Amino acid sequence: MAWRPAGVNKASNKSHVSRHTKSSSSSLPLSSSSSSSCSPTLQILAFETAKCMVRLVALYKSLSDDQFHRLRNGIMKSPGVVTLNPDDETYLLSLACEEMLENLDQAAAIVSRLGKKCIDVELNRFDIAYHNMKQGIIDARTLDFNTEHVVKAIDQMEKYVCSTSVLYASLVGVDEMEISKRKKWRRNSGSKIDYFNEEISSRRKQVLHFRKISLWNQTFDKIVALMAQIVAVIFVRICTVFEPFVSSLPCITTKNRNFNRLHYNSNPKSPKGVTFRLSSITKIDKFITKIRYMDVKTEKNQMLVQSAPENTVGAAGLALRYANVIIMAEAYFYSSQMITNDARGYMFEMLPMNLKQMLRGKLKSHWHKDAEAREGQQGVAEGWKAALEEIFEWLAPVAHDTMQWQQERNLEQRNLDAKPTVLLLQTLHFSDLERTETAIVEILVGLSCIYRYENRGKRGGIC
């Protein structure tokens, strides 16, 4: 089912189109605009588009039956999450839902911005469509999660991401060769210059090839149409799986009673195109089944990371710092090497003043006991080893997930690997501050005692 631009005269757009490179009009698994041949191509915006596609594909994969089962029965019941967070499944699921919606909002914002460059009027106004979608005004009958045409669309997006990633690497390679050529030219290396010229020429041909097969040469209308439909599919899926636990979500219900089941069967008779006309989204007519209207909070300032309660590590701004301390302590615990003075000082200085005082107090208490009874120190060391190993089993994974969550956001500009990412609820961000600090002091005291009793250097411990 092809999309037609509403009220657009082809003749009136000739001058506009002439300034852009025309792309092929091959169709996608989902619907594509009949005016795609008149639409400008992405070109340099291909790389930003690829990052947006990665976000959408990762979200899609994270909402599969297997991943949702893993979330409820694996991640949320992991020892670290259970120990450091409230025993409230609804609360944890609401955190996961809000994070996914925020990620979808960010992707939809990019799609909306790209849509402003489309010829198709409906795509040009995707921001309005998405806003209404968040209010529950959506025809969900054509947005089943696991249908064949949606799966093909996700595969197509992954192929585009892959080819665009190769294009980026090729462009970087050409730049590096140009830099090397200039360095050799300054050194008057004549034979080397000929080699670089040939290599650069060859790589430029590769760049031209990858531009043709990547997002660079695809039209705005074609790609925005594809991503807009996947945004809608993901939103409906989020509402479907989280609505029983998150009351603020709109209830997406259709005439098909089986739609809200977690398991979907691919329907070979389902339409090849997804109706995404504004007319079918903004009007309550026979094409729309809207059971309940709920206002979903979409204020940009209501960021999940800013919503951590006062008694959490995230609210104190200590998540990354504590994760670093825990990971360093874990590394030295499982290592036979002594802690260097620099490492000891670094770990101690990362602690806030209250933890420094608590650590010193506990260490003095242990050293006082040692002065009274110097026998059996090896047995004490073994006891501390067993205790710390038990703590690290549940605390270390949360610390590593904290670092990974941050790294995934920092590397988002370069990483084009579309796989489910770590959720904020897996990190120290929403962890109870008192419980976390108690555990950190315990492992630092234990590590100090082990080093002191095993004589791993003249001065063991953290302080």
Side-chain angles (χ1 to χ4, degrees), residues 52-73 75-76 89-112 126-127 129-147 150-151 153-154 157 227-254 256 258-264 274 276 281 288-300 302-305 307 418-426:
C52 183
M53 282 188 170
V54 168
R55 188 190 294 268
L56 290 174
V57 173
L59 266 174
Y60 180 86
K61 291 181 178 180
S62 68
L63 288 163
S64 67
D65 289 348
D66 290 342
Q67 287 295 322
F68 190 72
H69 181 272
R70 176 175 172 266
L71 171 63
R72 292 189 64 187
N73 298 286
I75 292 173
M76 288 171 45
E89 182 186 44
T90 298
Y91 169 70
L92 294 176
L93 283 172
S94 69
L95 294 180
C97 177
E98 188 172 350
E99 185 169 6
M100 290 182 182
L101 281 175
E102 282 190 3
N103 287 336
L104 184 61
D105 286 345
Q106 292 170 8
I110 296 174
V111 175
S112 297
F126 174 74
D127 54 340
Y130 186 68
H131 171 77
N132 291 330
M133 192 189 309
K134 295 291 291 285
Q135 313 309 317
I137 308 173
I138 185 172
D139 180 9
R141 289 171 299 169
T142 57
L143 299 173
D144 282 11
F145 184 73
N146 272 346
T147 53
V150 172
V151 173
I154 293 295
M157 288 170 68
M227 292 196 293
Q229 294 155 11
I230 298 303
V231 167
V233 168
I234 291 173
F235 178 75
V236 170
R237 176 63 170 179
I238 289 175
C239 292
T240 302
V241 298
F242 285 106
E243 193 272 336
F245 313 98
V246 183
S247 59
S248 61
L249 288 172
C251 181
I252 304 295
T253 310
T254 67
N256 181 4
N258 294 325
F259 180 79
N260 282 325
R261 293 171 56 191
L262 286 182
H263 298 279
Y264 297 91
V274 177
F276 206 74
I281 293 178
I288 295 176
T289 307
K290 187 173 77 77
I291 302 301
R292 190 176 77 213
Y293 178 92
M294 292 292 292
D295 185 17
V296 182
K297 294 182 178 180
T298 58
E299 294 89 343
K300 292 183 179 179
Q302 297 295 322
M303 298 291 290
L304 182 63
V305 294
S307 67
K419 63 181 180 180
T421 57
V422 171
L423 292 171
L424 200 57
L425 69 88
Q426 297 173 248

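Scope of the values below: all heavy atoms of this structure, side chains included, with no hydrogens, waters or symmetry mates. Quick caveat: nothing in here was measured; it's all calculated off a predicted structure.
- Residues forming a side chain to side chain contact (heavy atoms under 4.5 Å, CB included) with Ala108 (at least two apart in sequence, or on another chain): Phe126, Tyr130, Val231.
- Between the OG atom in Ser64 and the NE2 atom in His69 there is a gap of 11.5 Å [rounded to 0.5 Å].
- Residues Gln229 and Leu143 come closest through the heavy atom pair O-CD2, 4.4 Å.
- For the atom pair Ile230 CD1 and Leu104 CG, the distance stands at 11.0 Å (nearest 0.5 Å).
- Glu243 places no side-chain N or O within 3.5 Å of a backbone atom of Thr240 that could act as its donor or acceptor partner.
- Among residues two or more places apart in sequence or in another chain, the side chain to side chain contact (heavy atoms under 4.5 Å, CB included) test is passed with Val305 by Met303, Trp405, Leu424, His429.
- Of the residues listed (Ile238, Leu71, Val233), the one engaging Leu63 in a side-chain contact (heavy atoms from CB on, under 4.5 Å) is Ile238, and it is the only one.
- Here the CZ-CD1 distance, from Arg70 to Ile75, works out to 4.0 Å after rounding to the nearest 0.5 Å.
- The salt bridge (charged side-chain N to carboxylate O under 4.0 Å, His left out) test applied to Arg72 returns Glu89, not counting sequence neighbours.
- The line from OG of Ser112 to CD1 of Ile110 is 10.0 Å long, rounded to the nearest 0.5 Å.
- Minimum heavy-atom separation, Lys134 to Pro250: O-CG, 4.0 Å.
- Residues Arg55 and Asn103 share a closest heavy-atom pair of CD-O, 3.1 Å.
- Across Ile234 and Leu59, no two heavy atoms sit closer than the pair CD1-CB, 4.0 Å.
- Contact check on Arg237 versus Asp65 returns a salt bridge, with a Lys/Arg side-chain nitrogen under 4.0 Å from an Asp/Glu carboxylate oxygen.
- Nearest heavy atom pair, residue Asp144 against residue Val150, reads O-CG2, 3.6 Å.
- Relative orientation of the Phe145 and Tyr60 rings is parallel, given thresholds of 30° and 60° on the angle between their planes.
- A search for side chain to side chain donor-acceptor pair (under 3.5 Å) contacts involving Asp66 returns nothing, not counting sequence neighbours.
- Shortest non-hydrogen contact noted between Ser62 and Gln67 is O-CB, 3.2 Å.
- Separation of atoms CD1 (Ile137) and CG (Asn132) is listed at 4.5 Å; rounding is to 0.5 Å.
- Rounded to the nearest 0.5 Å, atoms CD (Glu99) and CG (Leu304) are 6.0 Å apart.
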